[in-house]
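Just so we're on the same page: letters track the sequence lines, and every chain starts at 1.
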2 protein chains.
Amino acid sequence: MSLSRAKLTSNFPGCPVEATLSFLDGKWKGVILFHLMGGTLRFNELRRKLPSVTQRMLTKQLRELEESGLVSRTVFPVVPPRVDYALTPLGLTLRPVIEALAAWGEENVSCLPEGRYLGEVSDVSVTAAIKA
Amino acid sequence: MSLSRAKLTSNFPGCPVEATLSFLDGKWKGVILFHLMGGTLRFNELRRKLPSVTQRMLTKQLRELEESGLVSRTVFPVVPPRVDYALTPLGLTLRPVIEALAAWGEENVSCLPEGRYLGEVSDVSVTAAIKA
DNA sequence: CTGGATCCCTCATGATACTG
DNA sequence: CAGTATCATGAGGGATCCAG
């Protein structure tokens, strides 16, 4: 992991950036939040949005986000099981942050919303990825 | 670790957030960029701003930022040695992102506002002060 | 469908010492 | 001052199987 686990009680001696990033720590939190900005999602819906994350990690990251108070988890006692994930009010306040991250990525990494790439991305890996 | 090392060869299937975050990956990149937003800094100046990062790590993160094209490294062939670190034009485009991160941190994590950062105080005394 | 439980292993980070 | 060079570590993350 990168930053200390997100705790509001943690000691971040003077760096608000570090504090915020600690909430996004972990390999997938940012992306999860990004997708949840679009509204509530079920577990498998999230899985489909994150093609390359394992089930285990998705669960783990979601639990951590829940613990941080950014994401709410609602279990419906039905068969088959259903669990909804949504942003909490606190999570929603991250919208400007996520949007800034998304905007920069779109402008500088040539990452199309549809998943296509332009520019600097290595032809090799892209080609390989597409072939796969 | 959080995200895959910032390499444009990575596969970011449609998530600009993940792409951006990959540039901030590592324990200290965000904070380094944050401080460099204030202008060029020498190596030891940065060290003083990041009380808890080891020399080795600071060097490493700076090198990675340089490789990502976000930070420039200027060596002056003088004695004693002098090396300046500054944001590149690309690095400067991250300002909105860093500012969003900082703003959120200031609002949601108890952190001193407006330029005053406890970072300059040693961890020991900060911890002691909080305990008190 | 939504996870929990295990095993395993890489790698990012840390501590320390040395150098031009 | 601004780094390298080594060595050690442990937690993050992947794979797989099991369960209500």
Nearest of D/dG14, D/dG3, C/dT2 to any side-chain atom of A/Thr54?
-> D/dG14
B/Leu46 CG to D/dC1 P, in whole Å, measures 14 Å
Short side-chain N/O contact to D/dG12 OP1/OP2 from A/Trp28, under 4.0 Å | no
Can you run down the salt bridge (charged side-chain N to carboxylate O under 4.0 Å, His left out) pairs that involve residues 77-89 of chain B, sequence neighbours left out, and say none if there aren't any?
-> B/Arg82-B/Asp84
Axis-to-axis angle for the helix from C/dC1-D/dG20 to C/dG20-D/dC1, ends of five pairs each, to 10°, equals 60°
A/Lys60 vs C/dG3: side-chain N/O to OP1/OP2 distance below 4.0 Å | no
Identify whether any heavy atom of A/Gln61 sits under 4.0 Å from a base atom; if not, whether one sits that close to sugar-phosphate; answer base, sugar-phosphate or nothing.
-> sugar-phosphate
To the nearest angstrom, how far is A/Lys27 atom NZ from D/dA15 atom C1'?
-> 13 Å
Honestly curious: do A/Leu41 and A/Val78 fall in one hydrophobic cluster under the side-chain, below-4.5 Å linking rule?
-> no
What integer distance in Å separates A/Met57:CE from C/dG4:P?
-> 12 Å
Residues A/Leu101 and B/Val97: closest non-hydrogen pair is CD2-CG1, 3.5 Å
Which atoms form the tightest heavy-atom contact between A/Lys29 and A/Leu24, and what is the distance?
-> CB-O, 3.5 Å
Does D/dG3 have OP1 or OP2 sitting under 4.0 Å from an N or O in the side chain of B/Arg63?
-> yes
Look at B/Gln55 and C/dA15 and indicate whether a side-chain polar atom (N or O) is within less than 4.0 Å of OP1 or OP2.
-> no
Could you check how far CD1 of A/Ile32 sits from C1' of D/dG13, rounded to whole Å?
-> 14 Å
Separation of atom CD in A/Glu64 from atom C1' in C/dG3, rounded to whole Å | 16 Å
Tell me whether the OP1 or OP2 atom of C/dG3 has a side-chain N or O from A/Tyr85 closer than 4.0 Å.
-> yes
Round to a whole Å and report the spacing from CG of A/Leu62 to C1' of C/dG4.
-> 15 Å
N or O in side chain of A/Arg42 less than 4.0 angstrom from C/dT2 OP1/OP2 = yes
Does any non-hydrogen side-chain atom of A/Leu92 lie less than 4.5 Å from one of A/Arg95?
-> yes
Interatomic distance, B/Leu58 CG vs C/dA12 C1' [rounded to whole Å] = 15 Å
Any idea how B/Tyr85 and B/Phe43 line up, ring-wise: parallel (<30°), tilted (30 to 60°), or perpendicular (>60°)?
-> tilted
Confirm from the modelled atom types if A/Arg56 and D/dG13 form a donor-acceptor pair under 3.5 Å, side chain to base only.
-> yes
What one should report as the nearest heavy-atom pair of B/Ile32 and B/Gln61 is CD1-CB, 3.7 Å
Mark yes when over 12 heavy atoms from residues, nucleotides or ligands other than B/Glu45 sit less than 6.0 Å from its CD; otherwise mark no.
-> yes
Here the residues of residues 72-82 of chain B within 4.0 Å heavy-atom distance, strictly under, of DNA chain D are B/Arg73, B/Pro80, B/Pro81, B/Arg82
Non-hydrogen side-chain atoms of B/Phe23 and B/Leu70 separated by less than 4.5 Å | yes
Are the side chains of B/Lys60 and B/Glu64 in touch, meaning some heavy atoms are under 4.5 Å apart?
-> yes
